[in-house]
Amino acid sequence: MEAALRRRRLLVFVAEHAVLIALAIAFIAPFLFIVATSLMSTQQALSPDLWPNPLTWNFNDVFERAPLLRYAGNTFLYAGLSTVGVVLSSVPVAYALARVRWRGRNAALLLVLAMMMLPPQVTVVPLYSFWSDLNLTGTLWPLILPNFFGDAFSIFLLRQFFMTIPEEYADAARVDGAGELRVMISVVSRLARPAIAAVALFAFLFAWNDFFLPLLYTSDNPDNWPLSVGLSHFRTTHQVQWNVTMAATLLFMAPVIALFFCAQRAFVEGVTLTGVKG
Amino acid sequence: MTAVALTEERRRARRRAAWRRRRLVLLLMSPWIVGFSVFFAYPLVSNAYLSFTHYDLLSHPRWIGTSNYEFLFEKDPSIWPAVKNTLWLVAIMVPLQVVFAIGVAMALQRARRGVGFFRTVFYLPTLAPPVAATLGFVFLLNPATGPVNTLLGKVGIDGPLWFNSPDWSKPALVLLALWGIGNTMIIFLASLLDVPKHLYESAELDGAGAINRFRWVTLPSITPVILFSVVIGVIEALQYFTQAYVAATIARGGQAGDSLSDLGYPEQSTLFFPVLLYQQGFRFFNMGYAAALAVLLLIVSLAVTFIILRRAERLIHYQGLVR
């Protein structure tokens with residue numbers, strides 16, 4: 001009886017890890033095939049071969065076929081300025097919602113939540129016409145500027161974190177004669193650094209990955225395309241060349257994955273703080 | 001009593017303090033007040049107005065009454081495919097994502113070794129930018145030379161046309177979505193690890209098998225997270241755009257034809273509601289009609305949001321759960 005139980009446990013143990021291993025292979029396989037294809041010759045990429053032979057370096061080609069550096073520059077401009085804007089504008093709003101008592105605070109919080117949950121498509125027609133009236137369609141400004149006026153998701157995430165900071169720290173600073181802005185900047189924001197890092201990271205990733213808004217506002221002006229829009233046009237312009245397309249795809253993924261390994265702590269902090277964020 | 005005791009000077013000081021506080025709140029909230037008015041409240045109102053007009057961006061909006069809505073509910077041949085496709089996402093893709101995320105999280109929860117490694121592997125695809133991930137999947141699933149059909153061929157299965165078949169394009173999008181369940185998986189993992197161990201032990205002592213333990217111990221503990229993920233999934237399904245747009249345009253690829261008809265390819269099977277809205281507004285420049293579609297989307301989203309906000313108290317204080 002005892003021996004049978006132990007053997008069953010062992011089998012269950014192996015089986016459970018077998019499931020994990022199979023899942024891991026399924027999750028990694030797409031990356032592997034993309035890498036393999038990016039290293040194939042054009043000829044071979046058109047065949048059902050799975051493994052590159054001979055190895056071909058297509059990554060230089062990518063830069064010759066599309067102004068990838070320009071796209072990357074646009075993406076960095078969009079993502080960089082958005083990140084700055086989101087942090088600068090969302091910290092004070094979150095502070096007011098979390099640590100200052102005032103009438104209408106809960107109503108404002110509910111509006112923030114509503115903004116967070118409604119699809120961007122519900123306001124897209126008037127907003128497009130708004131930016132068009134300002135002659136800013138075709139540029140990156142319609143994507144960047146709104147971030148300087150508070151981002152609902154970031155406000156909410158920061159508010160949740162600010163709530164957890166004990167009031168004693170703030171009081172200690174107030175006794176020392178610090179005004180409320182001083183308390184916000186040098187006490188609460190300092191203690192909330194992990195949350196601010198997570199917000200900055202998510203803002204950067206959101207802009208990096210964003211496709212809908214750049215497609216909407218920059219489509220007509222390829223000079224201002226970010227990587228996401230440039231890449232979506234890649235195969236239509238360079239038809240069936242899967243090897244070059246996959247090389248470009250990898251170049252677009254790589255910085256995000258590198259960022260993940262550099263900033264894993266901020267990621268973990270952010271995901272556990274927020275639940276979900278795509 | 002205290003009010004009477006207050007001297008005039010004290011009262012003035014108090015008023016000054018209240019004024020200072022109000023000024024502080026206004027100062028702190030000012031970015032959001034501008035953002036909310038200009039980028040949210042005004043467009044919502046303006047959109048409602050535009051939905052009653054003919055508007056092509058070039059000339060001024062012209063009032064046409066309820067014509068847009070009549071076209072929407074009675075004539076537009078694309079509306080039902082778009083609504084049906086979006087409901088398909090809600091009814092099939094969202095539940096599959098949640099079930100798969102729970103499954104992966106449970107497999108991970110039982111791992112004794114290499115937890116960190118496996119967690120990273122399952123999380124990594126979530127980081128792939130949607131455009132890149134979609135391009136990758138269109139390649140992986142391309143019918144002629146894609147690795148998936150090649151591998152299926154090796155075991156004697158004739159692979160489907162995936163993104164080139166109206167029956168298989170949505171299942172292909174589901175595969176793409178399942179690849180990216182990392183975030184959902186992480187919160188399920190966290191909630192599974194929160195289930196008190198002694199509950200499992202006592203259930204086991206009572207002779208409960210694996211299925212009963214799942215049914216009576218695990219499931220009740222993670223129900224709030226399941227509800228939460230379904231809600232988030234529905235919200236995301238209502239705005240599902242990028243993957244559908246990229247898959248349709250890339251899979252259609254070099255095929256001849258004007259670029260106006262590539263959305264929804266093949267045969268409107270990937271024409272989801274936001275794709276239709278984009279097509280009407282920004283390909284055909286029927287912006288008044290797109291505004292009417294946006295009103296419909298707004299009403300449905302508000303209904304979903306309302307359900308969530310009614311539970312907001314709980315969600316707000318249930319830290320670590322809310323996005």
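Chain letters run A, B, ... following the sequence lines, proteins first, then strands; residues in each count from 1. Model, not experiment: these values are computed from the prediction. Because only heavy atoms are used, hydrogens play no part in the values below, and waters and symmetry mates are left out as well, while side chains stay in.
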Under 4.5 Å from any heavy atom of chain A - which part of B:Phe36 = both

Among side-chain atoms of B:Tyr245 and A:Ser232, is any donor-acceptor pair under 3.5 angstrom?
-> no

Which atoms of B:Thr242 come close to chain A, meaning under 4.5 Å heavy atom to heavy atom: side chain ones, backbone ones, both, or neither?
-> both

Pick from B:Phe40, B:Trp179, B:Tyr49: which one has the most heavy-atom pairs with chain A under 4.5 Å?
-> B:Trp179

Name the member of B:Val34, B:Leu135, B:Val246 that forms the most heavy-atom pairs with chain A at distances under 4.5 Å.
-> B:Leu135

Steps toward side-chain contact (heavy atoms from CB on, under 4.5 Å) verdict (B:Thr120, A:Gln264) | CA-CA 10 Å; B:Thr120 305; A:Gln264 215 159 353; 4.0 Å; yes

Heavy atoms, side chains only, cut-off 4.5 Å: are A:Ser129 and B:Tyr55 in contact?
-> yes

Per-residue contact mode, B:Leu297 against chain A (heavy atom under 4.5 angstrom) = both

Measuring heavy-atom distances to chain A, does B:Leu44 have an atom under 4.5 Å in its side chain, in its backbone, in both, or in neither?
-> both

Measure distances from A:Ile155 to the heavy atoms of chain B and classify the residue's part below 4.5 Å as side chain, backbone, both or neither.
-> side chain

Where on B:Val138 is there a heavy atom nearer than 4.5 Å to chain A: the side chain, the backbone, both, or neither?
-> both

Based on non-hydrogen pairs under 4.5 Å, which of A:Leu127, A:Leu97, A:Leu118, A:Thr249 is most in contact with chain B?
-> A:Leu118

Let me know if A:Val124 has heavy atoms under 4.5 Å from chain B in its side chain, its backbone, both or neither.
-> both

Chain A contact via B:Val148 - which portion, at a heavy-atom distance below 4.5 Å = neither

Looking at A:Pro146, A:Ala96, A:Ser228, A:Ala248, which has the largest count of heavy-atom pairs under 4.5 Å with chain B?
-> A:Pro146

Toward chain A, the part of B:Ile181 with a non-hydrogen atom under 4.5 Å = side chain

Side chain, backbone, both or neither: which part of B:Leu140 has a heavy atom under 4.5 Å from chain A?
-> side chain

Counting heavy-atom pairs under 4.5 Å to chain B, which of A:Leu111, A:Ile28, A:Ile34 comes out on top?
-> A:Leu111

Give, as side chain, backbone, both or neither, the part of A:Leu50 having an atom under 4.5 angstrom from any heavy atom of chain B.
-> side chain

A:Val229 versus chain B, the contacting section by heavy-atom distance below 4.5 Å | neither

What's the shortest heavy-atom distance between A:Pro126 and B:Pro43, and which atoms?
-> CG-O, 3.1 Å

Ring geometry between A:Phe27 and B:Phe100 (parallel below 30°, tilted from 30 to 60°, perpendicular above 60°) = parallel

When you look at A:Phe149 and B:Ile33, which way does the side-chain contact (heavy atoms from CB on, under 4.5 Å) test go after all the steps?
-> CA-CA 8 Å; A:Phe149 298 96; B:Ile33 293 171; over 6 Å; no

Close side-chain approach of B:Pro125 and A:Phe31, heavy atoms under 4.5 Å | yes

Any side-chain heavy atom of A:Pro30 within less than 4.5 Å of one from B:Phe137?
-> yes

The interface call for A:Ser47 against chain B, heavy-atom contacts under 4.5 Å, is backbone

Which is it for B:Leu24 and A:Trp102 under the side-chain contact (heavy atoms from CB on, under 4.5 Å) test, yes or no, and what are the steps along the way?
-> CA-CA 10 Å; B:Leu24 172 76; A:Trp102 46 284; over 6 Å; no

At a heavy-atom separation under 4.5 Å, does B:Arg20 approach chain A through its side chain, its backbone, both, or neither?
-> neither

Turns out that what part of A:Met115 lies under 4.5 Å from chain B's heavy atoms comes down to both

Grab the two heavy atoms, one from B:Gln239 and one from A:Pro120, that are nearest each other, plus how far apart they are.
-> OE1-CD, 3.4 Å

Answer with side chain, backbone, both or neither: which region of A:Phe130 has an atom nearer than 4.5 Å to a non-hydrogen atom of chain B?
-> side chain

Counting heavy-atom pairs under 4.5 Å to chain A, which of B:Val295, B:Asn142, B:Leu27, B:Leu238 comes out on top?
-> B:Asn142

Would you please classify the geometry between the A:Trp131 ring and the B:Phe39 ring as parallel, tilted or perpendicular, with 30° and 60° separating the classes?
-> parallel

Where on B:Phe118 is there a heavy atom nearer than 4.5 Å to chain A: the side chain, the backbone, both, or neither?
-> side chain

Find the one option among A:Leu231, A:Val100, A:Leu181, A:Leu259 whose heavy-atom pairs under 4.5 Å with chain B are most numerous.
-> A:Leu231

Checking heavy atoms, do the side chain of A:Ala108, its backbone, both or neither come under 4.5 Å from chain B?
-> both

Would a 4.5 Å heavy-atom cut-off, applied to side chains only, mark B:Thr134 and A:Phe211 as touching?
-> no

Contact part of B:Leu293 toward chain A, heavy-atom cut-off under 4.5 Å: side chain, backbone, both or neither?
-> neither

After noting the C-alpha distance and the side-chain angles of A:Thr123 and B:Leu298, does the key distance pass the side-chain contact (heavy atoms from CB on, under 4.5 Å) rule?
-> CA-CA 9 Å; A:Thr123 51; B:Leu298 174 71; over 6 Å; no

Taking all non-hydrogen atoms of both residues, which atom of A:Met253 and which atom of B:Ala128 are closest, and how far apart?
-> CE-CB, 3.9 Å

